[in-house]
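In this text, all values refer to a predicted model and were calculated from it rather than measured experimentally.
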Amino acid sequence: VVSQNSSASGSSSQSRLSSLVLKCYHNEVSPLRVVRHNGPRLGMQFYACAYWPISKATCGFFSWVDDVNLVQDMHFQILDKDTTITNLENEVKMLKEENENLEDQLDEVGIECNERRLMMECEADDKRKTYALLLSWVFFAIMFWMS
């Protein structure tokens with residue numbers, strides 16, 4: 001069982017390791033130990049059950065520090081990716097909201113354009129009617145003078 005202290009904020013492997021708390025299967029803090037007997041693993045660090053070697057009640061928990069570092073690095077990579085995913089999801093949400101706002105603005109502009117077009121058509125109709133009326137007066141005036 002691997003957990004992280006909430007007070008840790010470093011990004012280097014050493015600061016990550018110092019903030020690492022491993023617990024054995026008894027849910028007790030598993031202390032960091034060093035191989036002390038002669039052999040190829042002399043000086044290597046490992047975590048073992050909190051009750052090992054003083055009690056026969058050991059749960060059998062064991063992990064080399066290098067293995068823990070790999071697991072911890074993968075854990076941090078997953079957390080980084082989760083953070084990236086969350087940030088991207090928030091960005092998508094903001095972009096969708098912005099898109100909705102722009103679509104609303106586009107609808108408003110479209111309505112305004114239609115209103116202006118109708119006004120311009122009405123003005124053009126009014127001008128045509130005015131010219132037609134003026135021409136009819138001129139036509140009738142000419143006809144009246146000619147008769």
message: For Glu123, give me all partners under side-chain hydrogen bond (donor to acceptor under 3.5 Å, both in side chains), at least two apart in sequence or on another chain.
response: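 Glu123 satisfies side-chain hydrogen bond (donor to acceptor under 3.5 Å, both in side chains) with no other residue.
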- request: Would you please name every residue forming a side-chain hydrogen bond (donor to acceptor under 3.5 Å, both in side chains) with Glu112, sequence neighbours left out?
  value: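 Checked Glu112 against side-chain hydrogen bond (donor to acceptor under 3.5 Å, both in side chains); matches are Arg116.
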Residues clustering with [X] (ILVMFWY side chains joined when closer than 4.5 Å, directly or via others):
X: Leu102; answer: none
X: Met119; answer: none
X: Leu88; answer: none
X: Ile142; answer: Val138, Met146

- prompt: Which side-chain hydrogen bond (donor to acceptor under 3.5 Å, both in side chains) pairs, counting each pair once, include a residue from residues 126-140, with sequence neighbours left out?
  reply: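 Those involving residues 126-140 are Asp125-Arg128.
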task: Give every residue pair that meets the side-chain hydrogen bond (donor to acceptor under 3.5 Å, both in side chains) criterion with at least one member in residues 81-95, sequence neighbours excluded.
output: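 Residue pairs with at least one partner in residues 81-95: there are none.
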- request: To the nearest 0.5 angstrom, please state how far the CD1 atom of Ile54 sits from the SG atom of Cys49.
  value: 9.0 Å
- prompt: Rounded to the nearest 0.5 Å, how far does CG of Leu95 lie from CG of Asn99?
  reply: 8.5 Å
message: Is there a path of hydrophobic side-chain contacts, each under 4.5 Å between heavy atoms of I/L/V/M/F/W/Y residues, joining Val34 to Phe61?
response: no
Set of residues satisfying salt bridge (Lys or Arg N to Asp or Glu O under 4.0 Å) with respect to Glu121, sequence neighbours excluded: Arg117
Salt bridge (Lys or Arg N to Asp or Glu O under 4.0 Å) contacts touching residues 29-47 (sequence neighbours left out): none
- request: List for me each residue that meets ring-ring contact (aromatic ring centres under 6.0 Å, His included) alongside Phe62, sequence neighbours excluded, and say none if there are none.
  value: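 Checked Phe62 against ring-ring contact (aromatic ring centres under 6.0 Å, His included); matches are Phe46, Trp64.
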- prompt: So, Ser30 side chain and Ala48 main chain: donor-acceptor pair closer than 3.5 Å or not?
  reply: yes
message: Donor-acceptor check, side chain of His26 to backbone of Tyr51, threshold 3.5 angstrom: yes or no?
response: no
